[in-house]
Amino acid sequence: MNSPFHFPSLVWDHTIAVYLFLLGISAGAAMLAVLLKRAGLAGDDPAENNVLRCTALLAPISIIIGLVILIFHLTKPWTFWYLMFNYSTTSIMSMGVMLFQVYMLFLIVWLAIIFHKLVANLIEKYAKPLAFVNKLIAIAAKFTGLIEIILIVLSVLLGAYTGFLLSALISYPMLNNPVLPILFLASGTSSGIAALIFCTLLFTKEDTHSKSLSFLHKFELPVICIEIFLLAAFFIGLYLGGGQKTVAFETALLGGFWSNVFWIGVVAIGLLLPLFLNTIATDNLKHNKGFMLLVSCLGLIGVLCLRFFILYAGQMTLA
């Protein structure tokens, strides 16, 4: 029996949606953290900055969890390591694995430079044979500026890749859309901002008026506006495409379970409600910890709903 989560044309299920969501958080968080540091708002010692501390856990852990989920979702998870060493320029999945590896390399190097004192202490206590790593970090630190620029570029590519991965499914007119990578990059950035604000407020004693949180907060409204524009462009292009593209548009937005997910989860909860709350809120309320946590949660829910909606609704109509 067909259901919103099971139908004949379904190829990729909820696991891929969660995977794409986690990749977006990692890419968005890493990009914003690097921009925060380069803006000179991380303080004299970036290792003491709470936003960067949260990034050190959030960015690598979220992408690792996503990859582990994906590996065990495969029919032969124990052969996944072949993809890590055998690359194919004609496979979007293979190119994604390559991008993931390079991104993780530069992310770990950048974090090691920032937290070099912590790394040195851990090596001294638990792994003295690895003392040479401190010298490697010192060498890498001389190229911090270049590493940060490369990491920003890789974060952008990883955020866009989550959309390219779906657009490679050319037999689905809704997914085979050039706007999708840009839309996923914007929504991934939004989820990265929300996740950083949420984790920083929940797990540290960061002042809600701090320069770091203000830096993140000022990106929220522009990114939401960009998301709304890209969603409009995405669906207008789909509607005007004719044929099965128009059918996909009507199937996705004009009734049914996934239509409700879009209008309630993505539009109402993820976009309009945060905009409304930030519009009516006073300056004091905007810097209230509970208010900021609420808005961050709404943003994360909206992005997660968008991932599920695009993945499932996009596979309901064949070309």
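Any value given below was found using the heavy atoms of this structure, including those in side chains, with hydrogens, waters and symmetry copies removed. A quick note: this is a predicted structure, and the numbers were derived from the prediction, not measured.
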Next on the checklist: Working note: T55 + K37, criterion side-chain contact (heavy atoms from CB on, under 4.5 Å); need CA distance, chi angles, decisive distance, verdict.
Outcome noted: CA-CA 12 Å; T55 303; K37 180 178 177 293; over 6 Å; no
Checklist entry - Roughly how far, to the nearest 0.5 Å, is OG of S167 from OH of Y161? => result 10.5 Å
Next on the checklist: Quick one, V51 and L41 - any side-chain contact, counting heavy atoms below 4.5 Å?
Outcome noted: no
Next on the checklist: For F115, does the six-membered ring have the charged nitrogen or CZ of R53 within the cation-pi criterion, i.e. under 6.0 angstrom from the centroid and within 45° of the normal?
Outcome noted: no
Checklist outcome for this item: Rounded to the nearest 0.5 angstrom, the CD1-CG distance for I280 and L285 is 8.0 Å
Next on the checklist: Using side-chain heavy atoms (C-beta onward) and a distance below 4.5 Å, is V295 in contact with I197?
Outcome noted: no
Checklist entry - Are L158 and V156 joined in one hydrophobic group, where the rule is that I, L, V, M, F, W and Y side chains link up if heavy atoms are under 4.5 Å apart? => result yes
Checklist entry - Does Y172 offer a backbone N or O that forms a donor-acceptor pair with the side chain of N176 under 3.5 Å? => result no
Item to check | For L298 against P274, the heavy-atom pair lying closest together | outcome: CB-CG, 4.0 Å
Next on the checklist: Could you check whether atom CZ of F215 has more than 12 heavy atoms from other residues, nucleotides or ligands sitting under 6.0 Å from it?
Outcome noted: yes
Checklist entry - Can you tell me how far the OG atom of S9 sits from the CG atom of L169, to the nearest 0.5 Å? => result 11.0 Å
Next on the checklist: Would you say that L231 contacts V266 through its side chain, given a criterion of any heavy-atom pair below 4.5 Å between the two side chains?
Outcome noted: yes
Item to check | Heavy-atom pair of closest approach, residues L230 and A186 | outcome: CD1-CB, 3.8 Å
Item to check | N/O donor-acceptor pair under 3.5 Å between S26 side chain and L23 backbone | outcome: no
Checklist entry - Any chance CZ of F229 has more than 12 other-residue heavy atoms, nucleotides or ligands included, within less than 6.0 Å? => result no
Checklist entry - If only atom types and distance count, is the side chain of T204 paired as donor or acceptor with the main-chain N or O of L201 below 3.5 Å? => result no
Item to check | Connected via hydrophobic side-chain network under 4.5 Å: L67 and L304 | outcome: yes
Checklist entry - Crowded around K286 NZ? As in, over 12 foreign heavy atoms under 6.0 Å? => result yes
Item to check | Separation between CD1 of I310 and SG of C305, rounded to the nearest 0.5 Å | outcome: 12.0 Å
Next on the checklist: Please check this pair: side chain of Q315 against backbone of W12, looking for a donor-acceptor N/O pair closer than 3.5 Å.
Outcome noted: yes
Checklist entry - Would a 4.5 Å heavy-atom cut-off, applied to side chains only, mark L166 and F184 as touching? => result yes
Next on the checklist: Do L277 and I269 land in one hydrophobic cluster if side-chain heavy atoms of ILVMFWY residues count as linked below 4.5 Å?
Outcome noted: yes
Checklist outcome for this item: Taken to the nearest 0.5 Å, the spacing of D45 CG from K117 NZ works out to 5.0 Å
Item to check | Heavy-atom pair of closest approach, residues L300 and S191 | outcome: CD2-O, 3.5 Å
Checklist entry - How about W110 and F143: are their ring centres within less than 6.0 Å of each other? => result no
Checklist entry - Checking side-chain contact (heavy atoms from CB on, under 4.5 Å) for the pair N49/L36: CA distance, chi angles, key distance, verdict? => result CA-CA 10 Å; N49 183 275; L36 172 68; 3.9 Å; yes
Item to check | Where V223 and S190 come nearest, the two heavy atoms and their spacing | outcome: CG1-CB, 3.7 Å
Checklist entry - Is there side-chain contact between N50 and F203, with at least one heavy-atom pair below 4.5 Å? => result no
Next on the checklist: Please find the pair of heavy atoms, one from Y103 and one from S155, that lie closest to each other, and give the distance.
Outcome noted: CE1-OG, 3.6 Å
Next on the checklist: Could you check whether any side-chain heavy atom of Y19 comes within less than 4.5 Å of a side-chain heavy atom of R307, counting everything from C-beta outward?
Outcome noted: no
Checklist entry - Do L293 and L32 belong to the same hydrophobic cluster, where Ile, Leu, Val, Met, Phe, Trp and Tyr are linked whenever their side-chain heavy atoms lie under 4.5 Å apart, directly or via other members? => result yes
Checklist entry - Would you say the side chain of N278 lies within less than 4.5 Å of the side chain of F291, judging by non-hydrogen atoms? => result yes
Checklist entry - For F257 and F5, what are the C-alpha separation, side-chain angles and deciding distance, and is it a ring-ring contact (aromatic ring centres under 6.0 Å, His included)? => result CA-CA 10 Å; F257 177 83; F5 294 93; 5.6 Å; yes
Next on the checklist: Ignoring hydrogens, what is the shortest heavy-atom contact between L216 and I193? Give both atom names and the distance.
Outcome noted: O-CG2, 3.6 Å
Next on the checklist: Students often mix this up, so state it plainly: with edges at 30° and 60°, are the rings of F308 and Y312 parallel, tilted or perpendicular?
Outcome noted: parallel
Checklist entry - Just wondering, more than 12 heavy atoms not from I170 lying within 6.0 Å of its CD1? => result no
Checklist entry - Would you say the side-chain atoms of W258 pair up with the backbone N or O of T251, donor to acceptor, closer than 3.5 Å? => result no
Checklist entry - What class does the angle between the rings of H209 and H287 fall in, given that below 30° is parallel, 30 to 60° is tilted and above 60° is perpendicular? => result parallel
Item to check | Same apolar cluster (I L V M F W Y, side chains within < 4.5 Å links), V68/I16 | outcome: yes
Checklist entry - Does L22 reach the side chain of I64, with side-chain heavy atoms less than 4.5 Å apart? => result no
Expected list for residues 233-246: side-chain donor-acceptor pairs under 3.5 angstrom, two or more places apart:
unit_1, atom_1, unit_2, atom_2, d
Q244, NE2, L318, O, 2.7
T246, OG1, Y239, O, 2.9
T246, OG1, G242, N, 3.2

Checklist entry - Distance from H217 atom NE2 to S296 atom OG, nearest 0.5 Å? => result 9.5 Å
